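Everything on this sheet refers to the single structure shown next.
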Number of protein chains: 2
Amino acid sequence: MPRSPSTPSDLGCAILGLLARGPLTGYDLARRMQKPVGYFWTATHSQIYPELARLEHAGLLEHEVIEGRGPRPTKRYAVTPAGLDTLREWVAGELEPQPVRDLETLRLWSIWLVDPDAARDLVRQARTRHYDTLAAYETELAELVDHPRAQDRTDPWFASRLTLQGGVLTRRAAVQWCDWMLAELDRA
Amino acid sequence: MPRSPSTPSDLGCAILGLLARGPLTGYDLARRMQKPVGYFWTATHSQIYPELARLEHAGLLEHEVIEGRGPRPTKRYAVTPAGLDTLREWVAGELEPQPVRDLETLRLWSIWLVDPDAARDLVRQARTRHYDTLAAYETELAELVDHPRAQDRTDPWFASRLTLQGGVLTRRAAVQWCDWMLAELDRA
DNA sequence: TCTAGCATGTAACTCGTTACATGATTAA
DNA sequence: TTAATCATGTAACGAGTTACATGCTAGA
């Protein structure tokens with residue numbers, strides 16, 4: 001089932017969501033959607049630039065050229081009123097379940113095949129990654145949690161606080177899980 | 001960086017992991033990797049059949065033709081010793097962080113744009129989905145948790161118990177998070 | 001009779017990743 | 001001088017989704 005032209009892709013909605021919080025260049029967008037700090041969505045510049053063009057063509061974004069240091073003109077994008085409407089519709093719309101694809105758990109599912117040292121090592125690796133992510137989320141959340149803007153339901157900081165809290169809770173659970181697995185591996 | 005021919009794709013490893021627990025036809029594989037029951041990985045038959053051919057060509061799988069009711073010969077696939085080695089290597093190998101792409105959290109991140117009713121509705125939807133998944137995991141886990149096979153580190157059921165426990169812990173955290181968000185939405 | 005399940009496969013398309021390409025300024 | 005940062009874009013490829021295609025058997 002192909003998307004109707006007025007409904008942007010998931011990536012498009014991610015971009016609209018970022019730009020609804022304030023205008024940015026494609027370069028800034030790409031930096032924010034990189035590996036570690038991506039707000040629950042990642043993308044690279046080679047996806048972002050064509051998508052910006054599509055969104056602008058659909059009337060959901062507009063840009064102004066600002067001074068910059070690149071070989072091509074530097075463009076700052078902002079959401080149009082139509083773009084905001086589209087984003088609101090998307091946020092309020094149905095939320096169908098996403099396909100599950102979790103490489104880490106997939107590996108653990110075959111852990112019965114490897115020797116105990118390799119198994120423990122695998123779980124320790126996972127624990128480290130979850131713990132580091134948890135620490136990063138907790139740091140960011142600490143700066144937000146008592147800020148007045150983060151208490152106002154209509155402020156983007158409020159939503160950031162909600163999502164960061166979710167990251168903290170699920171990562172804590174993941175770390176607990178890894179600790180539990182290490183104990184199970186010693187027991188069995 | 002293209003993969004070396006001896007290292008299968010993630011999908012290939014998912015298939016090897018399933019077949020290491022016992023031979024299956026492509027059709028059975030496809031059923032097990034469907035939406036709700038997929039063991040942390042989903043795929044459709046149109047991905048699976050070509051991948052089976054690739055894995056067999058690489059010597060990691062072999063098949064025998066069995067009697068069946070389809071218009072083409074029914075093939076039952078099994079992992080070869082080389083396939084088992086490859087799978088073991090993959091399980092014990094480095095675990096690099098995966099790109100984060102979480103549509104649900106992405107929506108919540110723009111929740112500041114919509115009215116309180118739509119916001120509550122969105123969180124309730126998410127809660128329902130997490131709760132249902134949690135219930136399914138708990139049911140499956142309950143059947144496994146006291147079984148002797150699930151206590152033996154070298155038995156596939158042991159690994160199933162670990163991954164199901166992970167599912168339970170993270171889904172519980174997600175439900176807690178949703179409840180916390182509903183309270184925050186009423187407070188703000 | 002008609003639908004659902006069995007059982008395989010291909011084709012067209014979208015999405016995401018990696019690599020190629022350009023060129024200025026600034027700090028080591 | 002050399003690398004990193006700014007700043008945009010295209011091209012080739014791989015992975016995932018949807019649709020097309022075939023044809024038998026068992027049950028409603």
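Remember, it's a predicted structure, so these values are computed and weren't measured experimentally.
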Side chain of [X], backbone of [Y]: donor and acceptor closer than 3.5 Å?
X      : Y      : result
B/S110 : B/R107 : no
B/E51  : B/I15  : no
B/T25  : B/R76  : no
B/T170 : A/T170 : no
A/E184 : B/L162 : no

Which whole-number value in Å describes the distance from [X] [atom1] to [N] [atom2]?
X     : N      : atom1 : atom2 : answer
A/E56 : D/dG9  : CD    : C1'   : 15 Å
A/D10 : C/dG16 : CG    : P     : 7 Å
A/R31 : D/dT5  : CZ    : P     : 10 Å
A/Q34 : D/dT5  : CD    : P     : 10 Å
B/E67 : C/dT8  : CD    : C1'   : 17 Å
A/Y77 : D/dA7  : OH    : P     : 14 Å
B/L52 : C/dT10 : CG    : P     : 12 Å
B/E51 : D/dG16 : CD    : P     : 9 Å

Would you tell me whether A/R69 and A/T74 have side-chain atoms, one donor and one acceptor, within less than 3.5 Å of each other?
no
*Judged by modelled atom types alone, do A/E104 and A/H130 share a side-chain donor-acceptor pair under 3.5 Å?*
yes
[X] side chain near [N] phosphate (N/O to OP1/OP2, under 4.0 Å):
X     : N      : answer
A/S46 : D/dT10 : no
A/Y49 : D/dG9  : no
B/R54 : D/dA15 : no
A/Q47 : C/dC15 : no
A/Y27 : D/dT8  : no
A/T25 : D/dT8  : yes

query = If you look at every strand shown and take non-hydrogen atoms under 4.0 Å, does B/T74 touch a base, only sugar-phosphate, or nothing?
reply = sugar-phosphate
Ordered by number, residues from residues 92-99 of chain B within less than 4.0 Å of DNA chain D (heavy atoms) are none
Tabulate protein N/O versus nucleotide N/O from nucleotides 21-28 of chain C, keeping only pairs under 3.5 Å, one per line.
| residue | atom | partner | partner atom | Å |
| --- | --- | --- | --- | --- |
| C/dG23 | N2 | A/R69 | O | 2.9 |

Residue pair B/R101/B/P73 against DNA chain C: nearer the 5' end by closest nucleotide is B/P73
Original post:
Do the two ring centres, one from B/W109 and one from A/Y39, sit under 6.0 Å apart?
Top reply: yes
Residues pairing under side chain to side chain donor-acceptor pair (under 3.5 Å) where one sits in residues 149-159 of chain A, two or more places apart or in two chains, turn out to be A/R149-A/D155, A/Q151-B/R187, A/D152-A/T154
Across all chains, not counting sequence neighbours, the side-chain hydrogen bond (donor to acceptor under 3.5 Å, both in side chains) partners of A/S46 are A/T44
So the salt bridge (Lys or Arg N to Asp or Glu O under 4.0 Å) pairs with at least one residue in residues 86-96 of chain A (sequence neighbours excluded) are A/D85-A/R88
Under a 4.0 Å heavy-atom cutoff, the residues of residues 14-22 of chain B touching DNA chain C are none
Next on the checklist: Could you check whether any side-chain heavy atom of B/D117 comes within less than 4.5 Å of a side-chain heavy atom of B/D121, counting everything from C-beta outward?
Outcome noted: no
